[in-house]
Amino acid sequence: ELQYPERINCGVVLLDDAVREGHGDRVALYSDNGVLTYAQLLERSNRIANVLVKDMGVVPGNRVLLRGPNNPTLVACWLAVMKAGAIAVTTMPLLRAHELSVIAERARVDHALCDSRFAQELEHAAALSGQLNNIVYYEADRGGGRLEKMMNGQASTFDNVDTARDDVCLLAFTSGTTGTPKATMHFHRDVLAMRAVVADHLLETSPEDIYVGSPPLGFTFGLGALLVFPLGRRGASVLVEQPSGENLLSAVQRCRATALFTSPTAYRALLPLVSKFEISSLKRCISAGEALPKATSDAWHAATGIRIIDGIGATELIHIFISAKGEEIRPGTTGKPLPGYQACILDPEGLPLPPGKIGRLAIKGPTGCRYLDDARQRDYVYQGWNITGDLYSRDEAGYYRFEARADDMIISAGYNIAGPEVEAALLEHPAVKECAVVGVPDEARGQIVKAFVVLNDGNEGSAELAQTLKQFVKQNIAPYKYPRVIEFRTALPKTATGKLQRHALRVPPKS
Ligand code: 3UK
């Protein structure tokens, strides 16, 4: 059971306590511009907390928007917001002015700390929303920004604000694969719970571990992987501003990283590069955001000897809640609920289904879900059970298997066809690099299965190859699921968190 004292501040636990325990001289952060020890990070964070409280007038409970690429200044800002008892509103670097203005309005944000390279979009959002009246820019690790000047005028110690374990400390917006972003609220204890459940239990990391990955700190996947887990376990985090495949692997090599966090798409993109880097330091690879197809898991295992840990997480629940480790990993399934979490599969009436049946995944656990929007809370959370937008099944052994997002189930001539199952089958073919399978309207069948395929280098899209791929799918899964239409593309549409945007592909076929 996860028990925390009634008064606790997650920023203090992650940072001040690490220094107090004697980790001050150890490296906390590696970045493109050098290293920062725990003591240096604490000093920076204290100065920023003083700026927030004394220069900007932030009081406990105020919302502070944070915006920038993954680097030590963003980490110091996030921790400063916690220590000041304020609420961090984290944003994905890829968001544009309109989306930012929606967030600023929904979260009623006035204060912001923002990387100066992202100023234009945020200024535009401020004008659109009438919020964001108090933005302070930083120059990342180059110094010289307004925040850095204000920091120089402030003390290097800070009187941490005494917060309750159930005080909100984070407003995280879902990536919104379809509609507008939805705000979820998290408490100080939720941040500590994700450390306990994922870093302690699932990953079993130690202070020797060095974490690296691609997800932005504005996405709770990245917040856990690259801030909460490394600092909470007194290890080190490697922050990569531009996480291309080369940059990630060279960061692993340079810093001798032991734990890698990224998405299934990124693991596929890394495959042709791994042999060019010295990555023998890696012990664990974690995939989340989308289902990890068996083909990707097997190819990564063949190339590196490491079995990827797949885990389903959600902004609503802050981090991963179903996964498996070590010998328990069964590629093609996500795993079992992590300690403290319960999972259930529901029929359309909301009644639990037996093993083998496909239905809505519902989750109950220590970390949520609390929507800012009352109507959402009423519709999607019932007696602590959070109804996710995912269709899952459970086998007799208790393993949970992702079938599709509820909106991505294709109904063709009366058959239910899960797009991701067809995608997994296509990905087994050596010519296929990426693919997205959707239902498109069809007069005779209601919908037909259509695949958008990106090919690996050295392959050419042609009618023959399309035919070959159709045959290939028919041989590997039930023939009625094969894609009747295949379109070759050079890239696929993605959300700000890197998920396939299937709905953007669901347009009627040209006749
Ligand atoms: C999908 C997965 C199958 C699923 C997230 C780790 O992705 C995260 O949060 P989001 O709010 O999206 C949640 C939705 O994404 N999904 C995520 N992981 C998997 N589907 N297999 C997976 N392994 O549809 C879920 O409902 O953007 C992931 C940690 C923190 C996160 N916020």
Side-chain angles (χ1 to χ4, degrees), residues 90-92 94-95 170 172-179 181-184 186 190-191 193-195 197-199 202-203 213-229 261-267 285-294 296-297 308-324 329-338 341 343 360-363 365 367-369 371 376 380 386-393 399-409 418-421 423-424 494-503:
T90 49
T91 61
M92 242 80 72
L94 280 176
L95 296 184
L170 174 69
F173 283 78
T174 63
S175 22
T177 40
T178 45
K182 301 172 273 290
T184 65
H186 301 284
D190 296 327
V191 173
M194 75 160 140
R195 172 184 71 162
V197 173
V198 183
L202 178 66
L203 306 177
S214 63
L217 293 167
F219 180 24
T220 59
F221 180 30
L223 181 69
L226 302 170
L227 193 163
V228 176
F229 305 160
F261 296 77
T262 192
S263 65
T265 314
Y267 280 109
C285 296
I286 297 90
S287 171
E290 291 184 300
L292 180 70
K294 187 173 180 301
T296 309
S297 175
I308 298 173
I309 296 177
D310 182 15
I312 178 173
T315 307
E316 280 88 340
L317 290 134
I318 209 166
H319 219 272
I320 294 172
F321 48 84
I322 296 177
S323 187
I329 296 173
R330 294 197 189 170
T333 75
T334 320
K336 297 180 178 182
L338 294 178
Y341 290 90
R360 280 270 178 154
L361 179 67
I363 301 290
T367 53
C369 156
Y371 287 106
R376 276 224 145 245
Y380 290 91
N386 174 224
I387 319 292
T388 73
D390 301 301
L391 297 173
Y392 257 80
S393 62
Y399 277 80
Y400 284 77
R401 195 185 130 91
F402 175 79
E403 303 286 344
R405 293 277 312 170
D407 345 312
D408 290 335
M409 191 57 99
E421 185 188 358
E423 289 162 12
K494 300 277 168 68
T495 66
T497 49
K499 292 190 216 293
L500 261 183
Q501 234 169 355
R502 295 191 184 80
H503 74 99

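Worth knowing before you read on, the calculation uses all heavy atoms, side chains too, and leaves out hydrogens, waters and symmetry mates. For ligands, and for the atoms within them, numbers begin at 1 and follow the listed sequence.
Ring pair F261/F221 is perpendicular by interplanar angle, where above 60° counts as perpendicular and below 30° as parallel.
No donor-acceptor pair under 3.5 Å is formed between the side chain of H319 and the backbone N or O of R195. Between the side chain of T334 and the backbone N or O of R401 there is no donor-acceptor pair closer than 3.5 Å.
The pair R502-E423 meets the salt-bridge criterion, since a charged nitrogen lies less than 4.0 angstrom from a carboxylate oxygen. A salt bridge does not link R360 to D390: none of the charged side-chain nitrogens sits closer than 4.0 Å to a carboxylate oxygen.
Here the shortest heavy-atom distance to atom 19 (C) of ligand 1, taken over T220, T184, I312, belongs to I312. Between atom 26 (O) of ligand 1 and the options D390, D407, I363, the minimum heavy-atom separation is to D390.
The closest side-chain donor-acceptor pair between E316 and T388, if any, does not fall under 3.5 angstrom. Checking T262 against S214 by side-chain atom types alone, a donor-acceptor pair falls below 3.5 Å.
Residue A288 approaches ligand 1 through these ligand atoms, each under 4.0 Å from one of its heavy atoms: 6 (C), 28 (C). Heavy-atom contacts of T315 reach the following atoms of ligand 1: 9 (O), 10 (P), 11 (O), 27 (O), 32 (N) (cutoff under 4.0 Å). Listed by atom number, the atoms of ligand 1 under 4.0 Å from R405 heavy atoms are 4 (C), 14 (C), 24 (O), 25 (C), 26 (O).
Considering backbone and side-chain N/O atoms, I320 never comes within less than 3.5 Å of an N/O atom of ligand 1. Residue D310 has at least one nitrogen or oxygen atom sitting less than 3.5 Å from a nitrogen or oxygen atom of ligand 1, judged on distance alone.
Heavy atoms of K499 found under 4.0 angstrom from ligand 1 belong exclusively to the side chain. Only the side chain of F402 comes within 4.0 Å of ligand 1, judged by heavy-atom distances. Counting heavy atoms under 4.0 Å from ligand 1, residue L292 does not touch it at all.
Ligand 1 has G289 within reach: a non-hydrogen atom of the residue lies less than 4.0 Å from it. I318 counts as a contact of ligand 1, since one of its heavy atoms falls under 4.0 Å from the ligand.
Each of L223, V198, L217, I318 was compared with V228 under the side chain to side chain contact (heavy atoms under 4.5 Å, CB included) criterion, and only L223 meets it.
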